[in-house]
Amino acid sequence: MMEPMDIVGKAKEDASLPKATMTKIIKEMLPPDVRVARDAQDLLIECCVEFINLVSSESNDVCNREEKRTIAPEHVLKALEVLGFGEYIEEVYAAYEQHKVETMQDGVRGGGGGKWGNAAEMTEEEAAAEQQRMFAEARARMNGNVPLPKQSDTDPNPES
């Protein structure tokens, strides 16, 4: 169980992110010779929480305007555009498509258990290696080293 100081976000109703994970992501995105003050790390994490809140809220507004009950990926992409983050839409869509591919592959390999269906069967070393692989893929996507798939015209969530 996480200690209260391990979570950034002061009030119980506030959204929060695991501080250790966020600190690791921050450090991995910077050159090895760059140090980040603890206050600066906390501020970056709070910015991430605020960004998630902002995009979630706008996604909900987009969903409501379309009279839908479930926020779908296209609502999130539209929210990014409305909020002025249009330059990230292609990269976010590419990450989403990659996630779908990985989820399908893992579902087939894991006997249909989904991406985390076999997590209990992983050793700690295997889980750490998988985490490092995912971090490396995310860094590569962020640094533009992954070709972007073409956006399809089909609705990825026809039930919404």
Those residues at least two apart in sequence (or on a different chain) that pass side chain to side chain donor-acceptor pair (under 3.5 Å) with Glu66 are His75
Taken to the nearest 0.5 Å, the spacing of Glu50 CD from Glu46 CD works out to 9.0 Å
N/O donor-acceptor pairs under 3.5 Å from side chains in residues 54-64, not counting sequence neighbours:
unit_1	atom_1	unit_2	atom_2	d
Ser56	OG	Ile52	O	2.7
Glu58	OE2	Arg65	NH2	3.2
Ser59	OG	Val55	O	2.7
Asn64	ND2	Asn60	O	3.3

Discussion item. Count I, L, V, M, F, W, Y as connected when their side-chain heavy atoms are under 4.5 Å apart, and connections chain through other members. Are Ile89 and Val82 then in the same cluster?
Written reply: no
Report task. Consider only side-chain heavy atoms of I, L, V, M, F, W and Y, link residues closer than 4.5 Å, and tell whether Leu43 and Val36 are in one cluster. Result -> no
Is there a side-chain contact between Cys48 and Leu17 in this structure, where contact means two heavy atoms from C-beta onward sitting under 4.5 Å apart? yes
Those residues at least two apart in sequence (or on a different chain) that pass ring-ring contact (aromatic ring centres under 6.0 Å, His included) with Phe85 are Phe51
On a heavy-atom basis, the closest approach of Leu30 and Val34 is CD1-CG1, 4.1 Å
Margin query: Please say yes or no: joined through hydrophobic side-chain contacts below 4.5 Å, possibly via intermediate residues, are Tyr88 and Ile71 part of one cluster?
Written below: yes
Only residue of Glu28, Lys27, Met22 satisfying side-chain contact (heavy atoms from CB on, under 4.5 Å) with Lys24 is Glu28
Can you confirm whether Thr23 sits close enough to Ile45 that some side-chain heavy atom of one is under 4.5 Å from a side-chain heavy atom of the other?
yes
Rounded to the nearest 0.5 Å, the CG atom of Leu77 sits from the CD atom of Glu90 at a distance of 11.0 Å
